Amino acid sequence: MTPHNEMRLLPWSGLDGKPCFLSTDDTNGRLSRLADETEAAQLELATKLLDYVSGLLDDAQTAPESLRPLATDLMGALRDTLRVAESRGRRLLTTDPETRPDSSEGPILPAAAFG
């Protein structure tokens, strides 16, 4: 199992709205793959929403009342995208001081970060 400070932030919340974390050394395990697929779907939805809203905002005929539901959807997509960014950022940086020869050299990335 991974240490507490290296747990993966999952792309969904618990029933109480609190973040969910995964503690595992298996980045190809069932739950890790599900999290990867969910992140990909969330980012794809955000991209589609951006394309859609661009078209609506460019159209002078768009009724203002049609923008409120879209703003709600965009807010959810932005929340998901920020969670994905936070999760991936946590996994990129190695924070163990023993593996960092000199903090002035910048972050040390695990080999998995390079594919």
Side-chain angles (χ1 to χ4, degrees):
M1 291 295 192
T2 55
H4 177 69
N5 64 345
E6 294 180 22
M7 291 193 299
R8 178 180 180 170
L9 174 64
L10 294 173
W12 52 80
S13 299
L15 295 176
D16 54 1
K18 293 182 181 177
C20 293
F21 293 90
L22 174 62
S23 177
T24 183
D25 290 332
D26 186 4
T27 59
N28 199 32
R30 188 177 193 176
L31 196 53
S32 292
R33 287 192 319 269
L34 177 62
D36 291 340
E37 292 166 5
T38 302
E39 286 180 353
Q42 289 171 330
L43 295 175
E44 182 179 349
L45 176 60
T47 300
K48 288 179 179 180
L49 280 169
L50 280 175
D51 290 343
Y52 181 69
V53 75
S54 293
L56 279 180
L57 294 177
D58 288 342
D59 184 0
Q61 301 293 326
T62 300
E65 58 272 4
S66 67
L67 296 178
R68 186 174 181 89
L70 181 59
T72 302
D73 291 342
L74 285 169
M75 186 176 70
L78 180 58
R79 183 183 304 115
D80 291 343
T81 301
L82 289 173
R83 183 182 298 257
V84 170
E86 181 182 352
S87 176
R88 290 181 180 183
R90 286 179 183 208
R91 288 181 282 149
L92 282 178
L93 298 176
T94 300
T95 57
D96 183 3
E98 293 183 20
T99 62
R100 297 193 67 167
D102 180 9
S103 61
S104 65
E105 293 178 19
I108 296 177
L109 302 176
F114 299 99

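When reading the values below, keep in mind they use all heavy atoms of this one structure, side chains included, and skip hydrogens, waters and symmetry mates. Owing to the predicted nature of the structure, the values given are computational and were not obtained by experimental measurement.
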State yes or no: do L22 and W12 share one hydrophobic cluster built from I, L, V, M, F, W and Y residues joined by side-chain heavy-atom distances below 4.5 Å, directly or via other members? yes
Say you draw a straight line from CE of M7 to SG of C20; how long is it, rounded to the nearest 0.5 Å? 11.0 Å
Point-to-point distance, once rounded to the nearest 0.5 Å, from CG of L82 to OG of S87: 12.5 Å
Answer yes if Y52 and L67 sit in the same cluster of Ile, Leu, Val, Met, Phe, Trp and Tyr residues linked by side chain heavy atoms under 4.5 Å apart, and no otherwise. yes
Between S54 and L50 (side chain of the first, backbone of the second, donor and acceptor by atom type, cut-off under 3.5 Å), is there such a pair? yes
same_hphob_cluster(L45, L70) at 4.5 Å side-chain heavy-atom cutoff: yes
If you measure from OG1 on T24 to CG on L31, what distance do you get to the nearest 0.5 Å? 8.5 Å
Measuring from atom OG1 of T81 to atom CZ of R83, what distance do you get when rounded to the nearest 0.5 angstrom? 11.5 Å
To the nearest 0.5 Å, tell me how far Q42 CD sits from T47 OG1. 12.0 Å
Quick one: do L74 and L57 end up in the same hydrophobic cluster if we chain Ile, Leu, Val, Met, Phe, Trp and Tyr together by side-chain heavy atoms under 4.5 Å apart? yes
Is the backbone of L34 close enough, under 3.5 Å, to the side chain of T38 for a donor and an acceptor to pair up by distance? yes
Is there a path of hydrophobic side-chain contacts, each under 4.5 Å between heavy atoms, that joins V84 and L9? no
Salt bridge (Lys or Arg N to Asp or Glu O under 4.0 Å) pairs, two or more places apart, involving residues 29-41: R8-D36, R8-E39, E39-R88, E39-R91
Can you run down the salt bridge (Lys or Arg N to Asp or Glu O under 4.0 Å) pairs that involve residues 42-62, sequence neighbours left out, and say none if there aren't any? E44-K48
